[in-house]
Structure formats: C-alpha cells, structure tokens
J.: 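Pasting a structure here, questions to come.
Per chain, numbering begins at 1; letters A, B, ... match sequence-line order. Just the heavy atoms: all of them, side chains too, but no hydrogens, waters or symmetry mates, feed the values below.
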Amino acid sequence: MKAFLTRLMIFVLATASSLVALAYLGGIILKYREPFRMPEDKRYVFLGHSHTEYTYDVSLMDSAVNLGSSGEAYLYTYVKVAELIKENPGRRMTLLLEFSNNNLGSNMDNWTWGDVYIQDRFRRFHAFTDMSERKVLYTHNLRRAVLTDLQSTFYNYYNLYKLGDLSNPGLIGGFDHLDWTRVDSLLQHPPPRASREAYIRDMSQVNMTYLKKIIRCCRDNGVEILLIRGPLHKAYPLREVEDIFQDTRKKEFGDVEFLDLQDFPLQDGEFADLEHTNGKGAEKVSRAFGQLLHEGLMARNDKQTLINEKMGAWKAQP
Amino acid sequence: MLFNSLSFALFFPVVFALYWMLNEKGLRMQNMLLLLASFFFYGSWDYRFMFLLLFSIGLDYYSGIRIHEAVGRRHKLIWLWTSIGINLGFLAIFKYYNFFAQSTADLLSLFGMRADIALLDIILPVGISFYTFHGVSYIIDIYNDRIVPERNFVNYAVFVSFFPLLVAGPIERATHLLPQLQRKREFSSEAATDGLRRLLWGLFKKVVIADNCADYANQIFNNPAGQNGVTLFMGALFFTFQIYCDFSGYSDIALGTAKMLGIDLLQNFNYPYFSRDIAEFWRRWHISLSSWFRDYLYIPLGGSRGSRWKKIRNTFIIFIVSGFWHGANWTFIAWGALNACYFIPLLLAEKNRNNLDTVARGRYLPNFREAASMLLTFLLTVLAWVFFRAATMHDAFTYLGGVFTRSWSHPPDLDGKAAVILTLTGLFFLVEWIGREHPFALHRLDHRVRSQALRWSIYASIITMIILLTGKEQQFIYFQF
C-alpha cells in the first residue's frame, strides 16, 4: 500500500509540476511578447463589448485602436486595461470605454462567469489575469474556472499566434462590421419590453465593481478615461430604463466624463439590429467621430456640448 | 455526484483511504464503511430516494430468508412473487405509468373516445432499473437454490447499493459479488494500479470522446431539418460513439473504482463495435443486462429450444423487453424490435454462435471478410441507434428518411473541431483495437510497456487530453434508465 501511494504521489507531483511549469512558461513568453504595446502613432483606445466592436472603424480615425470584443464583460476589459497600462508606462493614452444601458444588465454576470464566457475569455487572457480576478471566477463557477485554468496551460501557446498585437489585434479585439440589417423585421416583431423592476433588481454588481476598478486603475496611472455610448435605435428596448441608467451613471460614475452618441442620426438601414450599427452606420459614426477628434474634442472641457452641436450637422448629412 | 466531478474526486480518495485503514479492523467495519459511503453517494443525487432504496434492500433481504426457510414450494412461490411484484411494481409506477396512461389515451382517441387519464408528476429515482434487477436476481437465485440467503444485512445492503455500480450498473449477480463481500480483501498494488488505469481510461472515454461527440449529436438531432444526408449520418455516427464511450466509460470507472477496493465487478462491455455479427454484438454490449435477461427471462421461456415460432417469439420478447427496460417510449421498443429482426435470421440459420472468440486474434489486422462483417454490423447498429436517440417514432423515421433521401454530394455541415474529435475518436478506436484481447485497452500496461517513463508519459498524455478536451458537462446517458 505504501509503495502504491508513494508511486502515485510521485506521479501526481511530477505531472502537476510539469503542467504548472508549462503554464508559467507559456504565460511568460506571452507576456514577453507584449501584445498590448501601443503603436507609437496611437493614442485613443476604444474598449467594450459588441457595441464598440461594430461601431468604431478606427481606420477612419487618426490615432485610434479598437479593442472592443463581443460579449465582453468589464472583468475582462479590466484585464486588458491593466495590461495595456503595464506595457505602456508613461504613455499618453485616452481610453474610450463603452458604457451602455445593457452594461448594467443581469446578463453581464453570465458574461463574466458563464461556462461559455469563462472558457473563451479567461482562456484568451489567462496569462494576464491576476489572482483577484481568478478568485471571482473560482467563486462563481469553480468547475469551469479550474478546468479553463488547467486548459490554458496549453492554450497560452496557441495564444502566442492568435492573440495578435495592437496593430492587428486578433483575439484581443478589434473592429468588425456587420453587412446586414434586421431592423424592419424587429420593428414588425419587436422584442419584449424591458422590465424596470428586473433591471433594478438584477443589476450586475460585478460589472459595476469592475467598471470602478478600471476607472481607478486608469486614474492611478495617469491615463485619461471617458465613458462612451454608441448609437442605439430609438426602438431599442432598454431605452425604457434610460432614467434608471442615467441615475445610476450619475450616482456611481458621475465624476467620469460621458460621451453620449445614443441619438447619432442613423437610418434604419444603417443599423444591423436595434443596438448595433452595421458597416454603413459604422462608417458614418467613425468618420464623424474621427472628425471630432481632429477638431480637438479631447481638448474640450465640455465635450458633450460639441457632440450635441454637431448632431444637427450630422442629421443633415445624407 | 458524477464520476467526472470534483466532488467525486474528493469523495473517492477519502473512501479509499478509510477503507484500507479499516482493513485490519475487520470485514464488518469495512463493509459498514462501504454502505455508508454508498448511501452518501446515492443521497447526493436525491436524499428522498434513499428510503426507496432502503425499502427495496429490506424487502429482498427479508424475502430471501423467507423463501429459503419456507416449507413447500407454494410458500416459496408466494414470497418470490411478492418480492418480485413489489420490486417491479415500484419500477412500473415510477418509470412506466405515464407511458401506459398516455398510450392508452392515444389508443382510445384513435377510436374517437376521450380518456382523461391522470398522469403522475414524479421524478424517476436514479438507478432504480439497476438496483431492482439486483434484488430480483438475488431472490430468483435463492428460489432456484443457486445461493443461500445472506443473513448479514450490511453485506446484502452493500451488494445492492455498492456505489460504483449503484446508478448505472453493471448489474451484478449475488453469486459473483456477495462472496467477495463476505471475505477479507487484501490490498494488491498491482490490482489498485490496474484499477486506477481503468478509471483513467473510463474518464477519457466519457469526458473526451463521449461528451464531445454528444455536442455534435445533440446539435444535429435537435435540428435535423435542413441538414443534408451526410450531416444526418454524421449525427447518427456521433451518437453511436457517444453512447458507447459514455456507457462503457462509466462501466470502466465503476470497475476501476471497485478494483481499487479489492472487488471485481462483472465485465459489461467487450469491444462491441468490433463484432462480426449482431449475435456477437449482443454478447459484447451491456453484457450484464443481456445475460440477466437471458438467464431470468429467455431461458425460463424456453430459450432457443422448441419450435421455430417459439424461438422467434422468445427472441422478440427478450429484445423488446430489453428495449423497454431502457425507457418508457415507443422508440426504445422499436430499437429492441429492430435488433430482434437483425438477430432472428442468425438464430434460425443457427449462426448465432459463430463468432465466439476475439476477431483477428493474435493478428494485427482483420482479413477482408472480418472487416466487411464488422463494417456491416457496425452500420446496422448505427441505424438502430437512431431510434434509441430520437424523441419520437416520427422523429426517428424522419431522421432516417433524411439520411437516405437527402443529398450526399456536399460535405457535412460541421465546424473544424468536429474533424479533431473524429480524428481523436479514430485514434481511440485504434487503441481499443490494439487492446481488444484484454478486458480494457490499458489493462496490465506494465506488462506490455516495460518502461515506466513511457507508461507515465502515456498516463500524463491521457490526463492532459482530459483537461484540454473536457467538453460541456453531459449527464451519463444511462442515468436516465
């Protein structure tokens, strides 16, 4: 029995040590590559979920990169931001972080620790995820977090090729465009109305916590951060909880400047659905925003006033 | 508590350590530990059904003694049928009441009559089909004087509720398991190592092959409309791999776990997909169930003796009952009937005992005839599995209709990962082919691969694949039976 247990312990230790060593090595190599190193000519960084991914075509703007990624909760955005700051010490950067009505929604919890999301996001950014973020994932979905932690020992090597860098972000994120529109059918068969009670009751605390963490991290490192909301169709269901969203924003994040493009004038055919622009809409928004940047938006103290002034001009454009 | 869960990974080492620590304290304490562990294991599913299990154990324990002590055949028969009736009665209520009620209502509605038959809203107790059959076989064996009743309640209770086999078999026989529980177990490093190997192999089958194949099988079976013929066939193929690796994987884990505790359980699978005909397939698939039906139903009915009509009748009964055992649905009955149709020609031609040894024994490759036979048998089982998997008869026929009538000219509508899983499954069957003359593919690997470093690398690779390729957690299929 002793001999059996001894051999078993040796095997377990040897295998576990090899896996841990492999994990560390893969993570070290990945961090050494510095995938979040900002190109010299870039200053502005768009971050967020699909609203960011499909709206801001940075090829039409000076000095911007888009690291938006569909389905991204703020925990994973925080991992990106922390690494971005770490790899670019002293760099002048302005982060434009998507903050929309659905960022407070209960589905953000699932985006943080749901099986599919842990398996995808935690695996992507495993090498950059600190213990406090892992603790959140372990606490809420132990099985999947442990499995993904173990699987990432190997996926870090895959990430060496697929993660990309900020000139070609790959798995980190990036602009993508949608070539279709379903607005007509959605208007004919609208989605269910948002429940105000459910919105308040089920507000994602973890997402709010990580938004605060992102803001704190930026301020502690002298990085400018603004919250931005992209265009939303007037029939978007969560417009019904706009007052709750605004109250929460002012109460929790009132000290962070908020750029609101919710009412950017777009035709139905320039939306893919009620909350995402398609390629045509993205081009319009990106050109307009690029122009704003060019006209010194970021130097203004009252940025939203300039945006509001420009709305009229944008409305007039074909 | 699933075998591939963190809770089992914590539960079993504790039980293993305590079990062997108690070895010197005596058999009674060891068996008591097994009993407590088994009830804890079962209770983790649903504590309410522990009482049903305890009742079933108590009923058969007492009935066995009464049958043995009864004077006269009549009294023995009374106790026999009382026990069987109550056991099967519970099974009938929990598992089949709603099926019969609904089928009766459907039949009456065919004649324009309406029947408002109340359906029961109850959960099927996990493992009821398995532990019921343990008890029934025990009672019948006592009646037939094959064994004497177990007087030690703890021993008998462990026989029925032994946690490795409690929820999904193998269906043990008292003649095989009880004697092992009645004598002292000695720790054997070789047996424990082999048990651990079997456990690892079972985990690989379940987690890597079965769960990943399940993803694709579910995708295709849940949305067959609009899929081409190739994709539908691939869906059936994925399910064929899933059900084998799921169920045999579970059996391997059960046998491996038991072996580590010094107990041998009945082999439940013997490489069924390498069978050369359907008769051989049924000697190799879910062996404990098919041998149970053979010994307690088929032979008492007359078996393959008697007239041609009697042989056909008995064969149909066995296969249909076997199908029905799996679930209260016409699809399982159809699956059983289809297998009967496969089997009967062999029986009537007296070719059902042609292939008794392992295919290509002592050779690396099968000859052409063996390969063709295996392929044909395999395809016949793939076809039959469609009924097993489909939710309704209509779905099964629609699915099969799609396989044979829709286009085969385009590649299957599957993602890149499907190719990886298929390749892995192919390699898995290659390993099984190499190990087909052993109880399981990695059996006694220390005799076949002399280098410890190489063996450890193999184990580490299997563990790595389990970690890397753990798919979406899927319930073991046979838990629903």
J.: Pick one of side chain, backbone, both or neither for A:Leu22, based on which atoms fall under 4.5 Å of a heavy atom in chain B.
T.: neither
J.: With a 4.5 Å cut-off on side-chain heavy atoms, are B:Tyr459 and A:Thr15 touching?
T.: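 A side-chain contact is absent here, since even the closest heavy-atom pair is not under 4.5 Å.
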J.: How long is the straight-line distance from CE of A:Met1 back to CE of B:Met21, given to the nearest 0.5 Å?
T.: 9.0 Å
J.: Looking at B:Met32, I'd like to know if its CE atom is crowded, meaning that more than 12 non-hydrogen atoms belonging to other residues, nucleotides or ligands lie closer than 6.0 Å.
T.: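 No.
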J.: If I take atom CD from residue A:Gln151 and atom CG from residue B:Leu468, how far apart are they, to the nearest 0.5 angstrom?
T.: 6.0 Å
J.: Counting heavy atoms not belonging to A:Lys280, are there more than 12 under 6.0 Å from its NZ?
T.: no
J.: To the nearest 0.5 Å, what is the distance between CZ on B:Phe187 and NZ on A:Lys2?
T.: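 So the gap between those two atoms works out to 13.0 Å.
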J.: Please report the shortest heavy-atom distance between B:Met260 and A:Phe4, naming the atom on each side.
T.: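 Shortest heavy-atom separation between B:Met260 and A:Phe4 comes out as CE-CZ, 4.1 Å.
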J.: Near A:Met208 CE, under 6.0 Å, is it more than 12 heavy atoms from other residues, nucleotides or ligands?
T.: yes
J.: Identify which part of B:Gln452 has an atom lying under 4.5 Å from any heavy atom of chain A, answering side chain, backbone, both or neither.
T.: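 The side chain, not the backbone.
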J.: Set out, in order, the CA-CA distance, both residues' side-chain angles and the distance that settles side-chain contact (heavy atoms from CB on, under 4.5 Å) for B:Trp20 and A:Leu5, then state yes or no.
T.: CA-CA 12 Å; B:Trp20 289 112; A:Leu5 288 174; over 6 Å; no
J.: Checking B:Met465 against chain A: side chain, backbone, both or neither under 4.5 Å from a heavy atom?
T.: neither
J.: Checking B:Ser5 against A:Arg143 for the side-chain hydrogen bond (donor to acceptor under 3.5 Å, both in side chains) test, could you report, in this order, the C-alpha distance in whole Å, the side-chain angles of both residues, the deciding distance, and whether it holds?
T.: CA-CA 8 Å; B:Ser5 65; A:Arg143 181 184 180 267; over 6 Å; no
J.: Taking atom NZ of B:Lys25 as the centre, does the number of heavy atoms from other residues, nucleotides or ligands within less than 6.0 Å exceed 12?
T.: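 No, NZ of B:Lys25 has 12 or fewer neighbouring heavy atoms, counting only those of other groups under 6.0 Å.
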J.: Please name the residue in the list A:Asp149, A:Leu19, A:Val146 that meets the side chain to side chain contact (heavy atoms under 4.5 Å, CB included) test with B:Ile467.
T.: A:Leu19
J.: To the closest 0.5 Å, what do you measure between CG (A:Leu150) and CD1 (B:Ile466)?
T.: 11.5 Å
J.: Quick one: of A:Tyr155, A:Phe154, A:Phe11, who has the most non-hydrogen atom pairs under 4.5 Å with chain B?
T.: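 Result: the option with the highest number of such pairs is A:Phe11.
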J.: Is the number of heavy atoms from other residues, nucleotides or ligands within 6.0 Å of CZ (A:Arg7) greater than 12?
T.: yes
